[in-house]
Amino acid sequence: MAAVVALFVITLAVFSGTVAADPDMLQDVCVADLTSGVKVNGFSCKDATNITATDFFFDGLAKPGLTNNSMGSLVTGANVQKIPGLNTLGVSLSRIDYSPGGLNPPHTHPRATEMVFVLEGELDVGFITTSNILISKSIKKGEIFVFPKGLVHFQKNNGEVPAAVISAFNSQLPGTQSIAVSLFAASPPVPNNVLTKAFQVGTKEVEKIKSRLAPKK
């Protein structure tokens, strides 16, 4: 029950921000028509006569996600792509699950500030300012931490038991850009001479990282 109450508090806090990441809505609802070929800044609206409660419902955060991957973590999004009714509302959630030792690797959300509420376990979290200052803290069940919009951040489970958080965003689709994947698994690829100079390493090291981050076929 406490987790449910805290979830509502996080959501209300996101709604109450004086500056939203997404533009303000201009009508009661604009349920996203995810099948439309019309390209707008967001999604075009479904016909109001076709709106149902299903457009505003999602049960995908109820159960832990599978974390048997190389990072030991899994993000389950509850954004406009899963809940069409979020279109124009400027809010979304995610659930992140971590195995013992699991990492949500350094990444950014270009369109949103993020708040995490710890459901279970303990995490080491942090973000890096544009002055290259690390702001970090260990957080545990029932606690909240904020990652400012656009800044590189991470979460690491250094405990011996699984951990989980609920994340709230002030955007219907915050976007996620993983630093390592963006640089080493882009298509077409970032030139090796750019990466070797930026990271002060040799071509062999760059190729090794690229091979490990390449999409599984």
What pairs of donor and acceptor atoms, side-chain ones from residues 134-141 against any protein atom, are under 3.5 angstrom apart with sequence neighbours left out?
from: S138; atom 1: OG; to: D124; atom 2: OD1; distance (Å): 2.5
from: K140; atom 1: NZ; to: E143; atom 2: OE2; distance (Å): 2.9

The complete set of disulfide bond (SG atoms under 2.5 Å apart) pairs with one or both residues in residues 84-167, sequence neighbours excluded, reads none
N193 CG: over 12 foreign heavy atoms closer than 6.0 Å: yes
Could you pull out all residues at least two apart from E207 that satisfy salt bridge (charged side-chain N to carboxylate O under 4.0 Å, His left out)? none
Inter- and intrachain pairs under side-chain hydrogen bond (donor to acceptor under 3.5 Å, both in side chains), touching residues 175-190, at least two apart: H109-T176
Identify all side-chain donor-acceptor contacts of residues 74-85 below 3.5 Å with residues at least two apart in sequence or on another chain.
from: N79; atom 1: OD1; to: Q81; atom 2: N; distance (Å): 2.9

For F145, enumerate each residue passing the ring-ring contact (aromatic ring centres under 6.0 Å, His included) test, keeping only those at least two apart in sequence or located in another chain. F147
With sequence neighbours left out, the residues meeting salt bridge (charged side-chain N to carboxylate O under 4.0 Å, His left out) with K46 are D55
According to side-chain hydrogen bond (donor to acceptor under 3.5 Å, both in side chains), who are the partners of D47, at least two apart in sequence or on a separate chain? T49
Once salt bridge (charged side-chain N to carboxylate O under 4.0 Å, His left out) is applied, do any residues pair with K208, and if so which ones, sequence neighbours excluded? none
Using ring-ring contact (aromatic ring centres under 6.0 Å, His included) as the criterion, list what pairs up with F56, not counting sequence neighbours. none
Decide yes or no for P189 and K210: does some side-chain heavy atom of the first lie under 4.5 Å from some side-chain heavy atom of the second? yes
Test of understanding: with ring-ring contact (aromatic ring centres under 6.0 Å, His included), list the residues that count as partners of F184, not counting sequence neighbours. F199
Check whether any side-chain heavy atom of Y98 lies under 4.5 Å from a side-chain heavy atom of L123, and answer yes or no. yes
Quick one, T67 and P162 - any side-chain contact, counting heavy atoms below 4.5 Å? no
Please name all residues satisfying side chain to side chain contact (heavy atoms under 4.5 Å, CB included) with P148, sequence neighbours left out, ordered by chain then number. F127, L151
